[in-house]
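Below, all heavy atoms of this structure are taken into account, side chains as well, without hydrogens, waters or symmetry copies. Indexing begins at 1, ligand by ligand and atom by atom, following the structure's order.
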Amino acid sequence: MTELTSQKDASLAAIGAATTLDALEEQRVGALGKKGWVSLALKTLGQMSPDERKEAAPAIQAVRGEVAAAIEAKKAALEGAALEAQLASETIDLTLPAPSVPQGSIHPVSQVMDELAEIFADLGFAVATGPEIEDDWHNFTALNMDESHPARAMHDTFYFPDTAEDGGKLLLRTHTSPVQIRSMKAQGAPIRIIAPGRVYRSDSDATHTPMFHQVEGLVIDRDIHLGHLKWTLETFFKAFFEREDITLRLRPSYFPFTEPSVEFDVGYANEGNRRVVGGHGDDEGHDWMELGGSGMVNRRVLEFAGVDPDEYQGFAFGLGIDRIAMLKYGMNDLRAFFDGDPRWLSHYGFSPYDQPTLSAGVGVKS
Ligand code: FA5
């Protein structure tokens, strides 16, 4: 019995000292395995007299129970510690430190769209929108360009293989002018809207990209004439560029949806490879940049849109937003607008906290 007690003490000490599951298993086999000292002690019961056995059996069973319990407890402790260690080593810290300064910026095109809306809202214009996936009727036919009209060829249109529900062709709108039709059909006359948005043409060089932005303007009322158009464009450009010496050149032009039609250019100075708006485009060191097309809305277009051309008339214009952004903020390659380069964006982008307002100067860059 004394031997059993000392074996038990040694075994419990070794179990307590085990630092790995393998070392613990060694202790279990040594004590409770087939040839372990507890099993051997149990085997001695067979050679004992009934009286001896009566006394020895519970004592050996008690030792067995104590050793087994100690092994179980140690096993649970070692497994728990192993799990903790594994969890600790597999932790991923998903949090990022907050940047010390805000890192996002507003793209110059978005900024210019906000500036446009601010200036035109002051002139009493509402903002209208239309779909970028347009049908042939709104993009061409209702703008007085029927199937065989040669002006369709000038638009380098991206067509979809699918057709619209009425069987007409679907396309990526080539200009914002279809919004004129949609707005007049929905609202009738009088109407005074601008419609900024994306347009698409198969075109690419430093001043042309396959996707670009236009803003359409439309004013329909009684007694509207070309003088109102000229005043509106001049007033807009002066407010937009925040200078009085803006020279607009109106050139006779042709658009099927306006009659008469004029294209308008703005004078700018070449300063190194930077263009600075202002002055007369024919002066030394100056040039003209075409910014858009305009004219008096063709009566056929008013008829298509359900407005009576004998009662109402008006003007429309469409100008390239990217072009006026380049002029105002000094970029010289339109393609960089759409490269998504963070360095370009952090240089030319705007703080999200600076909302353009007329009172603060529409394009103040902090
Ligand atoms: C039009 O798109 C007419 N819808 C404008 C219009 C509206 C006329 C209402 C009359 C009445 P145009 O194709 O010229 O016209 O384009 C207008 C402006 O968009 C151009 O002056 C130019 O500033 C800009 N633009 C045209 N193509 C591109 C391009 N690929 N990339 C960047 N800007 C472009």
Discussion item. Around atom CD of Glu311, are there more than 12 heavy atoms from other residues, nucleotides or ligands closer than 6.0 Å?
Written reply: yes
Fill in: Under 4.0 Å to a heavy atom of Gln214 - the qualifying atoms of ligand 1, by number
1 (C), 2 (O), 16 (O), 17 (C), 18 (C), 19 (O)
Fill in: Heavy atom of the protein closest to atom 23 (O) of ligand 1 (residue, atom name, distance)
Leu291 O, 3.1 Å
Worksheet entry | Geometric N/O contact Thr174 with ligand 1, under 3.5 angstrom | no
Practice prompt. Do me a favour and list the nearest non-hydrogen protein atom to atom 9 (C) of ligand 1 with residue, atom name and distance?
Written response: Glu216 OE2, 3.3 Å
Worksheet entry | Closest protein heavy atom to atom 22 (C) of ligand 1, given as residue, atom name and distance to 0.1 Å | Arg323 NH1, 3.2 Å
Worksheet item: With a cut-off of under 6.0 Å to the ring centre and 45° to the axis, is Lys169 in cation-pi contact with Phe160?
Response: no
Worksheet entry | Region of Ser177 engaging ligand 1 - heavy atom pairs below 4.0 Å | side chain
Worksheet item: Looking only at protein heavy atoms, which one is nearest to atom 27 (N) of ligand 1, and how far off is it?
Response: Phe212 CZ, 3.2 Å
Worksheet item: For ligand 1, which atoms have a heavy atom of Leu334 less than 4.0 angstrom away?
Response: 31 (N), 32 (C)
Worksheet item: Do Thr258 and ligand 1 have an N or O pair less than 3.5 Å apart?
Response: no
Worksheet item: Would you say the side chains of Thr141 and Arg152 form a donor-acceptor pair under 3.5 Å?
Response: yes
Worksheet item: Please walk me through it: do Asp9 and Ser11 pass side chain to side chain donor-acceptor pair (under 3.5 Å)?
Response: CA-CA 5 Å; Asp9 290 344; Ser11 185; over 6 Å; no
Fill in: For Gln180, the ligand 1 atoms whose distance to one of its heavy atoms is below 4.0 Å
9 (C)
Worksheet item: What residue and atom, counting heavy atoms only, is the protein's closest point to atom 3 (C) of ligand 1, and at what distance?
Response: Phe257 CZ, 3.8 Å
Worksheet item: Hey, which atoms in ligand 1 end up nearer than 4.0 Å to a heavy atom of Ala316?
Response: 9 (C), 11 (C)
Practice prompt. Enumerate the atoms of ligand 1 whose separation from the nearest heavy atom of Thr209 is less than 4.0 angstrom.
Written response: 29 (C), 30 (N), 31 (N)
Item to complete: Please write down residue, atom name and distance for the protein heavy atom closest to atom 15 (O) of ligand 1.
Response: Phe255 CE2, 3.5 Å
Discussion item. Assess, by modelled atom type and distance only, whether the side chains of Tyr200 and Arg173 contain a donor and an acceptor separated by less than 3.5 Å.
Written reply: no
Discussion item. According to a hydrophobic-cluster definition based on side-chain heavy atoms being under 4.5 Å apart (Ile, Leu, Val, Met, Phe, Trp, Tyr only), do Leu233 and Phe257 belong together?
Written reply: no
Worksheet item: Cut-off 3.5 Å, side chains only: do Asp146 and His149 have a donor facing an acceptor?
Response: no
Item to complete: Could you list which atoms of ligand 1 come closer than 4.0 Å to a heavy atom of Glu290?
Response: 14 (O), 20 (C), 21 (O), 23 (O)
Discussion item. Does either side chain, that of Asp51 or that of Ser49, offer a donor lying less than 3.5 Å from an acceptor on the other one?
Written reply: no
Worksheet item: Against heavy atoms of Gly320, which atoms of ligand 1 measure under 4.0 Å?
Response: 18 (C), 19 (O), 23 (O), 24 (C)
Item to complete: Enumerate the atoms of ligand 1 whose separation from the nearest heavy atom of Gly293 is less than 4.0 angstrom.
Response: 6 (C), 7 (C), 8 (C), 10 (C)
Discussion item. Looking at every heavy atom in both Met331 and Trp344, which two are closest together, and how far apart are they?
Written reply: CG-CZ2, 3.8 Å
Worksheet entry | Cationic N near anionic O, under 4.0 Å, Glu259 to Arg299 | no
Worksheet item: Counting only heavy atoms not in Arg182, do more than 12 fall under 6.0 Å of its CZ?
Response: yes
Worksheet item: Arg201 to ligand 1: N or O pair under 3.5 Å?
Response: yes
